[in-house]
Structures are given as C-alpha cells and as structure tokens.
Amino acid sequence: MEKLNSGCHVMTKPTGSTCNIDCTYCFYLEKYKLYPESKQKFMDEETLEIFIRQQIEAQSSDTVDFAWQGGEPTLAGIEFYEKAIQLQKKYAKNKKIVNVMQTNGLLLNKAWCQLFKRNDWLIGISIDGPEELHNAYRVTRSGKGTHHKVIKAIELLKRHKIEFNILAVVNSLNVKQPEKVYKYLKSLGTPHIQFIPLVERENTNAESNEIRLIGPDFVRQAQVTKWSVPSLQYGEFLSRIFDIWVKNDIGKVFVQIFETTLATTCGYPAQVCIFSEKCGHAFALEANGDLYNCDHYVYPEHKLGNIHEQSITTMNNSDHGNQFGEDKKDKIAEDCKTCVFLEQCHGDCPKHRFIASSTGEHNLSYFCEGLFYFFKHSAPYMKTMKGLLETQQSPALLMNILRN
C-alpha cells in the first residue's frame, strides 16, 4: 500500500487578490483575471468551514498551521477570523492550532490586536526599509506612500505585545543600500527578518484579459521587470548584511536565509522550501476553494482541484501534486549537480529557473550568480559555527573570535 503524505502547508487567501494598496511589483493583484465570472470575491462561510475541517484532517502532526495571506487578508474583516477560530476549535480534536497572518498592516487597530493577542497569533508585517525605499513601490491606488501607516501598525502590535516578524522584498532600489535597510529593520522591534528577492517576468504582448506577470512555464518572449533585483547585487546585498550580522547579531537577530544556510551547512534540512531538495505540498488556496500547487504557481495548469469537490488530503496525494514536488529534483540544471553549494541551494525555487544553463536548457535559477556569491562569502563563517555546534558551544562565540 502506497504511503500517504503526512501533511501539507496551505497559504490561504480569503480575499483572493483583492488588496487595499497597489504595490507596483505585486504579482498577485492581477490574479482576478483567472475568475472573470466570479461575483464572490471573498471566501464564504461554507468554504471556510470545509477548508478548516480538511486542513486539520490532512495533518498527521499534533500541530496544525493556518497561514492567512492575500491580497490583503484583513479585508475579510474581524468577524471572518472570529468564525475561523470557532471552527478551528470545533474540528481541532486536541490538536494545537497555530495561526499566522501576513499583512500590510494598514487596517490594524485595537480590535484586531485584541483578536491576535487573545488567540496568540503571529503577525508578519511587510515593509521594505526606510520611508523613501518602502514608498518607492508600496503605494496606494492614488500613488501615495504607505510607510507611515505601516509604522503605526508596528507600534500598535508592540503596544499590545503581539509577536511579529518583518518581511522585506529586496528589489532594484533597496538592494543598493543593504546596511541602511538592515539597520532600519533591526530598529523596528522584532529580531525576525525575512528577505524575499524579487524577480518577475513580463509578457509585454499580453491581452487585457491575460496574466501579464508570467510563470516559469511561459515559453514565449518575456522580459524581466525593471523592479526585479539583479542577481549579483542580491548576493552582495546579503553578504554585506551578513558581515554586520556575523560580528554583532548572532543569536540576537534571526535572518531567515542566514539561519537556513547554517542549518544546511550542518547537514540539516533547509528551513525554507526554495532551498529544499524537493518542493510541493505547500499549496495556495483561493477564496472560492481552488487549490494550486504553490503561491507562485497560481495558473490554470497548476490547479489541483477545489475543496468543494476533493479533499486537501486527496489533492496532497494526487499524482499532479506529487509530481510537482519531484520535478524540482528531477529537472535541476546539470550545472547545479556539480556545484559545491548544491546542499545549500538545490537549484533554488523552480519559479526562478528560467536562465539558460550550460546544456542550453532554460532551467538555471535567475539568482544562481548572486546565491553562489553569498554562499561562498559566508562559507568560512558557517563552517566555524558548525564546528562550535559540534562541540556543543554556541555559534554566537564566533563574534568573540572575530573581535579578538
């Protein structure tokens, strides 16, 4: 009997692509084109209940994660999430429920904070750096900056003692000022920082009803957008921040890519899917119940089904779902197989694999050059920290070694 997958992650989008701001670089805003006939933009109560029951049933572990994103998930309203919490309790069956929300923060107020605090939610706040860097791309529909409103949300979260982390998109502008960005993000009051490198390709010949920012399967002519971060600059950005972190902030500030690079150097699995050997089983759920292979693969060819017709467990164990995960390993570029940093990278995210490799196939990561630069730059320090851990010492001792 074939062994079933023991669990999955679902990024839930209860408001679909609907958002209250108009970020220049957002790849998800135009996903409404996939549902031109839909009159129901937000997730209804029936779909919510089916999802919560199925998501709990799909997990074999004692902890079940719920990740709420968008669009902008707060647009669904407080009552929606109060209902979600009631349903989680109804179907939990003694399992621990963990809720995480990624938000731009603009709608947060006292009532939202009371909900988060009362139910121990973790909140991710999107901010790209100081005001002039953040406001370059993260703007309202009228083109006004949103930085001051995000800072107001962060202060509100701190006042209510709600745990939060920072998600910063590394783009063509803030990549030029790594020290300034890192110093600023550190000052915001959370030790947890995640950098997401931005690359999107644009179909310049797209019809008005077509998706303009295309996926990696797109074979016609396309160009990288002007807001995408150049690969080598991204590697330099990470390395210059790493130089500050390794001397001052080990064990104090937790930068996701530094933490996962240390883990893989020590022989542990990557903490993020983009650097795992295989991917898959990290789905995106649209407001109507459609389930897709991944948040970055919300395209018709990557739709697994709908939770009104099939369970998450069934789709998680489908041939379509399993093959998507296996493809990351099976379709890795030949260049990657002989790379000294294969264990750190595993060819990066399949979404980024559209550069021609030495064999002529377009299956090499756009970020190959930048990631190689960072992994090479950080490798001596990672090996020293690995040695400290192997002798049951804190990797933070590296800071004393460097000072001396």
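- No more than 12 heavy atoms of other residues, nucleotides or ligands shown are found within 6.0 angstrom of CD on Glu45.
- Looking at Pro197 and Tyr366, their side chains never come closer than 4.5 Å, going by heavy atoms from C-beta outward.
- Not a single donor-acceptor pair under 3.5 Å links the side chain of Asn20 to the backbone N or O of Leu75.
- In the displayed structure, Lys329 atom NZ is contacted under 6.0 Å by at most 12 heavy atoms of other residues, nucleotides or ligands.
- Looking at Gln54, its side chain does come within 3.5 Å of a backbone N or O of Ile307 through a donor-acceptor pair.
- With hydrogens and angles ignored, the 3.5 Å screen pairs a side-chain donor or acceptor of Lys328 with a backbone N or O of Ser276.
- Annotation: cation-pi pair Lys31/Tyr299 present, NZ/CZ under 6.0 Å from the ring centroid and within 45° of its normal.
- To the nearest 0.5 Å, the span separating CD1 on Ile151 from NE2 on His148 amounts to 10.5 Å.
- By the neighbour-count criterion of 12 heavy atoms within 6.0 Å, atom CG of Asp330 is densely surrounded, having more than that number from other residues, nucleotides or ligands.
- When all heavy atoms of Asn104 and Val150 are compared, the pair lying nearest together is O-CG2, 3.5 Å.
- Under the 4.0 Å criterion applied to side-chain N and carboxylate O atoms, Lys278 and Glu326 are assigned as salt-bridge partners.
- Expressed to the nearest 0.5 Å, how far CG of Leu29 lies from CZ of Arg212 amounts to 10.0 Å.
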List the steps, then state whether side-chain contact (heavy atoms from CB on, under 4.5 Å) holds for Leu285 with Met43. CA-CA 10 Å; Leu285 182 73; Met43 184 176 287; 3.9 Å; yes
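- Shown are Phe237, Phe367, Phe341, Phe258; of these, the ring-ring contact (aromatic ring centres under 6.0 Å, His included) with Phe374 is made only by Phe258.
- Heavy-atom contacts from other residues, nucleotides or ligands closer than 6.0 Å to NZ of Lys303 number more than 12.
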Could you pull out every donor-acceptor pair under 3.5 Å between side chains of residues 121-132 and any protein atom, sequence neighbours left out?
from: Ser126; atom 1: OG; to: Gln102; atom 2: NE2; distance (Å): 2.9
from: Asp128; atom 1: OD1; to: Val169; atom 2: N; distance (Å): 3.0
from: Asp128; atom 1: OD2; to: Tyr25; atom 2: OH; distance (Å): 2.6
from: Glu132; atom 1: OE2; to: Lys180; atom 2: NZ; distance (Å): 2.5

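- Ionic pairing of Glu155 and Lys158 is present here: one or more N-O contacts between side-chain nitrogen and carboxylate oxygen are shorter than 4.0 angstrom.
- For the residue pair Ser311 and Thr313, no side-chain donor N or O sits within less than 3.5 Å of a side-chain acceptor on the partner.
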How far apart are the C-alpha atoms of Cys336 and Leu364, what are their side-chain angles, what is the distance that settles it, and do they pass the side-chain contact (heavy atoms from CB on, under 4.5 Å) test? CA-CA 8 Å; Cys336 297; Leu364 190 67; 3.9 Å; yes
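- Within the 4.5 Å cutoff, no side-chain heavy atoms of His352 are placed close to those of His296.
- If you check the side chains of Glu369 and Tyr234, you find no donor sitting under 3.5 Å from an acceptor.
- Side-chain atoms of Lys351 come within 3.5 Å of backbone atoms of Val199 as a donor-acceptor pair (strictly under, hydrogens ignored).
- Between Lys331 and Glu361, none of the side-chain N atoms (NZ, or NE/NH1/NH2) sits under 4.0 Å from a carboxylate O, so this pair counts as no salt bridge.
- Side-chain contact between Phe80 and Phe42 is absent, with no heavy atoms from C-beta onward closer than 4.5 Å.
- The residues Arg53 and Glu57 are annotated as salt-bridged, a charged nitrogen and a carboxylate oxygen being separated by less than 4.0 angstrom.
- Contact of the Ser378 side chain with the Met382 side chain is registered, since non-hydrogen atoms from C-beta on lie closer than 4.5 Å.
- Of the possible donor and acceptor atoms, none in the side chain of Thr260 sits under 3.5 Å from a partner among the backbone N and O of Ile257.
- Although no hydrogens or angles enter the test, the distance criterion places no donor-acceptor pair under 3.5 Å between the side chain of Asn316 and the main chain of Ile312.
- For the pair Lys13 and Tyr292, the cation-pi criterion (under 6.0 Å, within 45° of the ring axis) is not fulfilled.
- With hydrogens and angles ignored, the 3.5 Å screen pairs no side-chain donor or acceptor of Ser17 with any backbone N or O of Glu30.
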For His302 and Asn293, run side-chain hydrogen bond (donor to acceptor under 3.5 Å, both in side chains): C-alpha distance rounded to whole Å, both residues' side-chain angles, the deciding distance at 0.1 Å, then the answer. CA-CA 6 Å; His302 289 285; Asn293 280 127; 3.1 Å; yes
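- Between the side chains of Gln59 and Gln55, at least one donor-acceptor pair of N or O atoms lies under 3.5 Å.
- Neither side chain, Thr190 nor Asn165, offers a donor N or O lying under 3.5 Å from an acceptor on the other.
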Hey, mind stepping through Thr265 and Tyr381 against side-chain contact (heavy atoms from CB on, under 4.5 Å) and telling me if it holds? CA-CA 10 Å; Thr265 300; Tyr381 305 96; over 6 Å; no
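- Not one N or O on the side chain of Tyr373 forms a donor-acceptor pair closer than 3.5 Å with the backbone of Ser239.
- Summarising the geometry of Lys95 relative to Ile56, their closest heavy-atom pair is NZ-O, 3.5 Å, with the distance given to 0.1 Å.
- Defined by atom type and a distance below 3.5 Å, a donor-acceptor pair is present between the side-chain atoms of Thr47 and His308.
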Tyr184/Asn174 under side-chain hydrogen bond (donor to acceptor under 3.5 Å, both in side chains): CA gap, chis, key distance, verdict: CA-CA 12 Å; Tyr184 182 77; Asn174 62 4; over 6 Å; no
Does Gln88 form a side-chain hydrogen bond (donor to acceptor under 3.5 Å, both in side chains) with Asn99? I'd like the steps, not just the answer. CA-CA 10 Å; Gln88 288 170 346; Asn99 284 288; 2.9 Å; yes
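- A donor-acceptor contact shorter than 3.5 Å is absent between the side chain of Ser60 and the backbone of Gly7.
- Of the inter-residue distances, the one linking Leu157 atom CG with Glu163 atom CD reads 11.0 Å to the nearest 0.5 angstrom.
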Residues Phe116, Phe164; criterion ring pair (Phe, Tyr, Trp, His ring centres under 6.0 Å); working and verdict: CA-CA 10 Å; Phe116 298 152; Phe164 71 99; over 10 Å; no
Is there a side-chain contact (heavy atoms from CB on, under 4.5 Å) between His192 and Phe254? Walk through the geometry before answering. CA-CA 5 Å; His192 298 281; Phe254 302 92; 3.7 Å; yes
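- Side-chain atoms of Thr146 never come within 3.5 Å of backbone atoms of Lys149 as a donor-acceptor pair (strictly under, hydrogens ignored).
- Looking only at atom types and distance, the side chain of Thr103 has a donor-acceptor partner in the side chain of Glu72 under 3.5 Å away.
- For the residue pair Ser61 / Thr63, no side-chain donor-acceptor distance below 3.5 Å is found, with atom types taken as modelled.
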Could you go through the side-chain hydrogen bond (donor to acceptor under 3.5 Å, both in side chains) check for Tyr137 and Ser172 one step at a time? CA-CA 10 Å; Tyr137 292 127; Ser172 59; 2.9 Å; yes
